[in-house]
Amino acid sequence: MHFSQDSRLLSERSMNIVDQVAEHIRTLVPYAPGKPIEEVEREFGIPNSIKLASNENPLGPSPKAISAIREKLAELHLYPDGDCFYLKNGLAKKLGVAPEQLIVGNGSNELIELAVRTFMRPGDEAVMARQAFIVYPLVVQAAGGVGKVVPLRDFTHDLKAIAEAITPKTRIVFLANPNNPTGTIYRRSDWEQFLERISGEILVVVDEAYFEYVDNPEYPNSLGYHQSGKTILTFRTFSKLYGLAGLRIGYGIGAKEIIDLMQRVRQPFNVNAPAQWAALAALEDNDHVRKTLEVNRQGMEYLENEIVKLGLERVPSHANFIMMRVGNGHEVFQQLLVQGVIVRPMGVYQFPEHIRVTVGTMEENRRFIEALRKIMKKG
Ligand SMILES: Cc1ncc(COP(=O)(O)O)c(C=O)c1O
C-alpha cells in the first residue's frame with residue numbers, strides 16, 4: 001500500500017513541475033527538421049528515396065575528413081580537446097585571425113544559442129527578419145527574450161527596417177547572408193549603410209552558413225568589417241560545403257572579449273573529437289570543395305531552367321537551395337514524398353505557397369523535376 005501512495009504522490013508532484021513551467025517555454029514550437037530518408041522509406045515503403053530538404057552536401061563528406069576519422073578511431077575513449085586547439089589554429093591561419101577570436105560549436109546552431117545565453121537577459125530584445133533561419137526566434141524565446149521580427153522585402157533582408165526596429169532593449173541583431181530559406185543576399189552598399197546606423201553596443205550576428213556558395217561581387221563578407229568599430233560576430237559551419245552536418249560542427253569569429261564571454265557559457269566538451277579531426281582535414285580538401293561548388297553551380301542552373309519551363313516562379317538564390325512557388329506548398333511536399341522525394345514545405349516561414357529544394361546531384365535534380373512535373377500536370 002505504501003507503494004501506491006508513493007507513486008500517487010510522485011505523479012502529483014510531476015504534474016506540479018509541468019504546471020510551473022514558464023509561459024515562454026510552454027509556448028515554444030519545436031523546430032521541425034527535414035524528414036529523414038529512413039522515416040520516409042518506413043512510412044511510404046519507398047526504397048531509394050532522396051532527401052533535398054536540409055541543404056546538405058549531395059557529394060557526401062569530404063573524403064579527407066573520412067580518412068582523418070578512420071585513422072583516429074582508436075582514440076574514441078578519450079575526451080575531446082575542449083579548446084579545439086588544432087582546429088582553431090587551422091582556422092586562424094586560413095582566416096587571418098587569432099585563435100582567441102574563434103569559438104567552435106556543436107554546429108553553428110549551438111553558437112546561436114550561446115550568443116543568446118551570453119548576451120541577452122530575460123526581457124531583452126533581438127531583432128531579425130521574419131523569414132530567416134527559424135532557430136533565431138526559438139532560442140531567443142527559450143531564453144526569455146523577445147524576438148522582434150521584420151518582414152523581408154522582395155524576399156531579402158530589409159536592412160533599413162531592421163535598423164529602425166532597434167530599441168534601447170535590443171541586444172542582438174541576427175542577419176543571415178545568404179538567407180535561409182530564400183537564398184537571397186543583401187548587398188554591400190545596404191550593409192554599409194546599415195552599419196553606419198548601428199551602435200557598437202549592439203551585437204550584430206551575421207550567419208554565413210552558405211557564404212562559400214556566393215559568387216557575386218556585391219556580397220559583403222562580414223569578416224572584412226570586424227575592424228569597423230561595430231560589434232560583429234560571424235557564424236559559419238562545416239555542415240554545408242564540407243558535408244559534415246552529421247558531426248555537428250560550426251565556428252564563430254569575433255572580438256576576443258566577445259568570444260571569451262561565450263567560452264565561459266559553453267559546455268567543457270561541446271565539440272566531439274571526430275568532428276574536430278574531420279573539420280581540420282576538410283579545411284584542406286580543396287578538391288572536394290571545388291567539386292561541391294561545381295555540382296552546385298550546374299545543379300542550380302539546371303533547376304532554374306526547369307522551374308521556369310514548368311511555368312513556376314522561383315526566388316533567385318545564391319546558396320545551395322532554391323525556393324519556388326508551387327501553389328499549395330504542403331500538398332506538393334506530400335505528393336513529392338509519396339514519390340520518394342523529400343523537400344521542405346515553407347508554411348512555417350509564412351510562405352505557404354512555396355517549397356524549398358536543396359540542389360542535389362544531377363540525378364537527384366532530374367528525379368525531383370520529373371516528380372514535380374507529374375504533380376503540376378495533374379494539378
Ligand atoms: C542560416 C543557417 N544557419 C545555421 C544553420 C545551422 O547549421 P549547423 O548545422 O552548423 O548547426 C543552418 C542550417 O540549415 C542555416 O540554414
Side-chain angles (χ1 to χ4, degrees), residues 31-36 51-58 61-62 65 84 87 91 102-116 126 128-140 147 149 152 155-157 172-186 204-214 219 221-222 233-253 262 266-267 270-272 274-276 278-279 282-283 296 315 317-323 342-346 348-349 351 356-360:
Y31 177 77
K35 255 185 181 306
K51 183 177 176 215
L52 300 173
S54 301
N55 308 335
E56 292 144 335
N57 188 323
S62 142
C84 299
L87 177 58
L91 279 168
L102 293 167
I103 182 164
V104 188
N106 187 25
S108 49
N109 260 299
E110 188 197 16
L111 299 170
I112 296 166
E113 190 167 8
L114 280 178
V116 168
M128 62 202 75
R130 171 169 286 145
Q131 295 100 342
F133 190 40
I134 206 128
V135 169
Y136 312 146
L138 283 181
V139 298
V140 167
V149 293
L152 296 177
F155 295 101
T156 305
H157 276 73
I172 302 182
V173 173
F174 282 103
L175 304 174
N177 205 32
N179 186 33
N180 176 13
T182 54
T184 49
I185 57 169
Y186 51 77
V204 180
V205 169
V206 185
D207 183 342
E208 294 182 342
Y210 303 96
F211 89 99
E212 295 102 333
Y213 294 95
V214 182
Y219 179 70
N221 179 333
S222 66
L233 184 57
T234 301
F235 290 160
R236 293 178 177 175
T237 182
F238 286 93
S239 296
K240 311 296 174 184
L241 180 74
Y242 297 106
L244 301 179
L247 283 174
R248 314 301 306 122
I249 183 160
Y251 59 97
I253 310 139
M262 289 169 70
R266 72 168 173 82
Q267 291 205 14
N270 61 327
V271 183
N272 71 75
Q276 294 185 38
L283 269 187
N296 192 65
V315 181
S317 168
H318 297 264
N320 66 342
F321 54 86
I322 183 161
M323 205 172 84
I342 314 169
V343 301
R344 207 68 166 263
M346 291 284 102
V348 67
Y349 286 102
F351 292 125
R356 190 196 69 197
V357 61
T358 304
V359 178

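Please read these numbers as outputs of a predicted model, since none were measured by experiment. Worth knowing before you read on, the calculation uses all heavy atoms, side chains too, and leaves out hydrogens, waters and symmetry mates. Order of listing sets the numbers, starting from 1, for every ligand and every atom in it.
Ring pair Phe321/Tyr210: centre-to-centre distance below 6.0 Å. The aromatic ring centroids of Phe211 and Tyr219 lie 6.0 Å or more from each other.
Numbered from 1 in the order shown, with element, the atoms of ligand 1 that lie under 4.0 Å from a heavy atom of Arg248 read 8 (P), 9 (O), 11 (O). Distances below 4.0 Å separate heavy atoms of Ala209 from the following atoms of ligand 1: 2 (C), 3 (N). Set against the non-hydrogen atoms of Thr237, the atoms of ligand 1 under 4.0 Å away are 8 (P), 9 (O), 10 (O). Interface of Asn180 with ligand 1, defined as ligand atoms under 4.0 Å from a residue heavy atom, comprises 1 (C), 14 (O), 15 (C), 16 (O). Shown in contact with Ser239 at under 4.0 Å from a heavy atom are these atoms of ligand 1, numbered in order with element: 8 (P), 9 (O), 10 (O).
Using a 4.0 Å cutoff on heavy atoms, Gly250 does not count as a contact of ligand 1. Remark: distances from the non-hydrogen atoms of Tyr210 to ligand 1 include one below 4.0 Å. Proximity of Asn55 to ligand 1 is not established, as no heavy-atom distance is less than 4.0 Å.
The shortest N or O to N or O distance between Asn109 and ligand 1 is under 3.5 Å.
Between Arg356 and Asn180, the side chains place a donor N or O and an acceptor N or O closer than 3.5 Å (distance only, hydrogens not considered). In this structure, a donor-acceptor pair under 3.5 Å is absent between the side chains of Asn179 and Tyr186.
In this structure, the side chains of Asn55 and Arg344 stay at 4.5 Å or more apart for every pair of heavy atoms.
Here the closest non-hydrogen pair linking Ile103 and Arg266 is CD1-CD, 4.4 Å. Of all heavy-atom pairs between Gly252 and Leu111, the closest is N-CD1, 3.5 Å. Closest approach of Ala126 and Val140 over heavy atoms only: CB-CG2, 3.8 Å.
The main-chain N or O of Gly250 is never found under 3.5 Å from a side-chain atom of Arg236 such that the two would form a donor-acceptor pair.
Among protein heavy atoms, the minimum distance from atom 12 (C) of ligand 1 is reached at Phe133 CZ, 3.5 Å. Among all non-hydrogen protein atoms, the one lying nearest atom 1 (C) of ligand 1 is Asp207 OD2, 3.5 Å.
At a heavy-atom distance under 4.0 Å, only side-chain atoms of Lys240, from C-beta outward, approach ligand 1. Residue contacts with ligand 1, taken as heavy atom pairs separated by less than 4.0 Å, involve Ser108 via backbone and side-chain atoms alike.
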